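Below is one structure, written out as structure tokens, with a few remarks after it.
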Amino acid sequence: MERLYIQGGKRISGEIDVQGAKNSALPLLAATILTEGKSVLHNCPDLSDINAACKILSYLGCDVTYSGNTVTVDAANITNTDIPESLMSEMRSSIVFLGALAARVGKTKLCFPGGCELGPRPIDLHLSSLRQLGLDIKEEHGYLDCHRTKRLRGAKIMLSFPSVGATENIMLASVTADGETIITNAAGEPEIVDLADYLNKCGAKITGAGESTVIIKGVDNLQGTEHSVIPDRIVASTYLCAGAITGGELLIKKCNPTHIESVLPVLEQTGCKIITGADNIYIRAPERLCHMETVRTMPYPGFPTDAQAPLMPLAVIANGTSVFVENIFESRYKQVSELRKMGADIRIEGKVAVIEGVDRIYGANVRATDLRGGASLIIAGLAAEGETVISDIYHIDRGYERIEDNLRSIGAKIKRI
Ligand code: UD1
């Protein structure tokens, strides 16, 4: 079992590049099965979740090659239409293959993704939307048995919550449907825009991505294309937090500052100096961080739920009291019990966390309970007195490419054993 060892208290400084966005690469990989000819996706991060998506594509019959951060997919021959449970369970977001398979092959069987470490993650919005497009879905014995007798048809779909995954699944299913699909209350995350950009390059007719109404005019077919995945805004936010908590000074490169406009002001409140360029962010942290105003997670462009856990350790050692409100997921404070082992003073009441800043935290043996919770422990470990040992780091490897090498390159004392 691999673990991360962190010797805390080292100020980090230097330059660091941000990887491509996992949450963009996954739906893009699913989208490749809609195309004829090859798609070449650059800037795909080298992560276990991406490998899992590539395994699904290979199983379906696609020719998948991986070279550095470029994945090439040729989806000319789809030979399987189901996704076995073993592959589905490797990655919860494999549900995004449903919309693409519904459009491309018209029938599929996959297991219900079920709950996960963030609490129950229903897919009712995915299913009701796909049904509106004409997909017949039977839910039995934990499986989703789906088929269509004719081409899917465009529909007006109103989402009761701007779900990222549901918006992606609707786009994938409707892009080659008969007629026009209008999604209202659509998610507007940058990953949705990236998916629309890729599909439009393939010949799709999607407008409004990034806004609350997305219009998809169905086309007959799509051609593979070359595309570069957008930078990962959560990884950029995590590195900013690493710089901030160690009193450091960093230039974060190959990122898109406009994608984290809700995160930067929070860091400024803590006393960090931030300067943004077109594709980079400079941060210089004060000696002692200041508490922050209430941080409320919201759909984009609000504060991202995925950045809540990496930010929390800053509040833990800040001067004063900070309040977080988690509005997106039910169980997204899993890192708190581990942070408490390090000396954090955090009270949780439902979706609210009250964090009383303490003067110092201490290294401890802690466990990554989920991806962003694991990142939170790394950030805390960087600032803790003594050694922090993090176990179950496979969660962290789902979303951060070579995080220990990257942090070591800017002066952190961190190693994987
Ligand atoms: C995506 C991201 C995840 C991020 C989240 C919110 C990927 C692979 N994952 O997850 O990192 O934290 O967006 O920004 O892109 N919901 C329902 N019914 C549904 C679908 C969702 O009730 O059918 C609820 C969820 O339980 C949750 C909320 O809606 O409470 C947001 O979920 P959603 O936006 O769908 O997140 P994901 O696409 O799963």
Side-chain angles (χ1 to χ4, degrees), residues 20-31 44-45 47-50 52-53 56 88 90-100 112-132 137 139 144 157-173 183 185-195 212 229-230 232-235 237-238 259-260 262-263 296-311 325-335 350-351 370-376 395-396 398-400:
K22 165 182 85 80
N23 288 353
S24 218
L26 293 174
L28 290 175
L29 288 167
C44 279
L47 301 168
S48 51
D49 268 13
I50 301 298
I56 292 176
M88 275 300 281
E90 276 192 39
M91 174 185 66
R92 188 202 173 271
S93 41
S94 48
I95 190 67
V96 81
F97 278 89
L98 177 55
F112 215 83
C116 75
E117 61 273 6
L118 306 181
R121 286 180 83 166
I123 52 164
D124 53 313
L125 299 174
H126 299 241
L127 302 186
S128 61
S129 307
L130 295 175
R131 284 184 175 120
Q132 284 181 69
I137 306 174
E139 299 170 55
L144 298 165
I157 300 173
M158 158 76 190
L159 290 174
S160 55
F161 183 88
S163 155
V164 175
T167 303
E168 288 164 350
N169 251 331
I170 300 167
M171 286 165 67
L172 292 168
I183 316 173
N185 201 26
E189 269 69 0
E191 293 76 24
I192 302 286
V193 178
D194 203 25
L195 178 60
S212 64
V229 176
I230 57 169
D232 196 308
R233 60 199 168 100
I234 306 304
V235 171
S237 304
T238 304
H259 290 168
I260 46 174
S262 57
V263 177
R296 291 186 173 82
T297 65
M298 305 284 266
Y300 191 83
F303 190 93
T305 174
D306 287 355
Q308 176 261 108
L311 179 75
V325 185
E326 171 56 54
N327 291 306
I328 308 293
F329 287 106
E330 269 178 38
S331 307
R332 223 170 185 181
Y333 286 135
K334 290 264 174 80
Q335 74 278 11
K351 49 164 75 173
D370 60 276
L371 166 56
R372 305 303 169 189
S376 180
H395 287 296
I396 300 171
R398 285 185 39 231
Y400 293 89

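Just follow the structure's listing: the first ligand is 1, and inside any ligand the first atom is 1. Throughout, residue positions are numbered sequentially from 1 according to the sequence presented. Computed from a prediction, not measured in an experiment: that's the story for all the values here.
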Discussion item. Using a 3.5 Å distance criterion without hydrogens, assess whether the side chain of Asp49 forms a donor-acceptor pair with backbone atoms of Leu26.
Written reply: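 No.
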When rounded to the nearest 0.5 angstrom, what is the spacing between [atom1] in [X] and [atom2] in [Y]?
| X | Y | atom1 | atom2 | answer |
| --- | --- | --- | --- | --- |
| Arg398 | Tyr400 | CZ | OH | 10.5 Å |
| Leu98 | Glu168 | CG | CD | 13.0 Å |
| Asn185 | Thr167 | CG | OG1 | 8.0 Å |
| Gln308 | Phe329 | CD | CZ | 11.5 Å |
| Asp232 | Glu191 | CG | CD | 7.5 Å |

Please say whether [X] places an N or O atom under 3.5 Å from an N or O atom belonging to ligand 1.
| X | value |
| --- | --- |
| Phe329 | no |
| Gly165 | yes |
| Leu125 | yes |
| Asp124 | yes |
| Val164 | yes |
| Thr305 | no |

Worksheet item: Within a reach of under 6.0 Å around CE of Met298, are more than 12 heavy atoms found that belong to other residues, nucleotides or ligands?
Response: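 It does not: Met298 CE has 12 such atoms or fewer within range.
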Enumerate the atoms of ligand 1 whose separation from the nearest heavy atom of [X] is less than 4.0 angstrom.
| X | value |
| --- | --- |
| Arg332 | 12 (O) |
| Ile123 | 19 (C), 23 (O) |
| Asn23 | 2 (C), 3 (C), 7 (C), 8 (C), 9 (N), 11 (O), 15 (O) |
| Ile328 | 27 (C), 28 (C), 30 (O), 31 (C) |

Worksheet item: Quick one: does His126 get within less than 4.0 Å of ligand 1, heavy atoms only?
Response: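 The answer is yes: ligand 1 sits under 4.0 Å from a heavy atom of His126.
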Fill in: Among Thr297, Asn327, Asp370, Asp306, the one residue meeting side chain to side chain donor-acceptor pair (under 3.5 Å) with Arg332
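Among the candidates, only Asp306 passes.
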Discussion item. Salt bridge check, Glu326 against Lys334: does any charged N sit closer than 4.0 Å to a carboxylate O?
Written reply: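 No, no charged N to carboxylate O under 4.0 Å.
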Practice prompt. Just go through Asp306, Asp49, Asn327, Ile234 and tell me whose heavy atom is the nearest to atom 3 (C) of ligand 1.
Written response: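 Heavy atom nearest to atom 3 (C) of ligand 1 belongs to Asp306.
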Worksheet entry | Per atom 22 (O) of ligand 1, closest listed option by heavy atom (Pro299, Gly399, Ser93, Pro122) |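 Minimum heavy-atom distance to atom 22 (O) of ligand 1 goes to Pro122.
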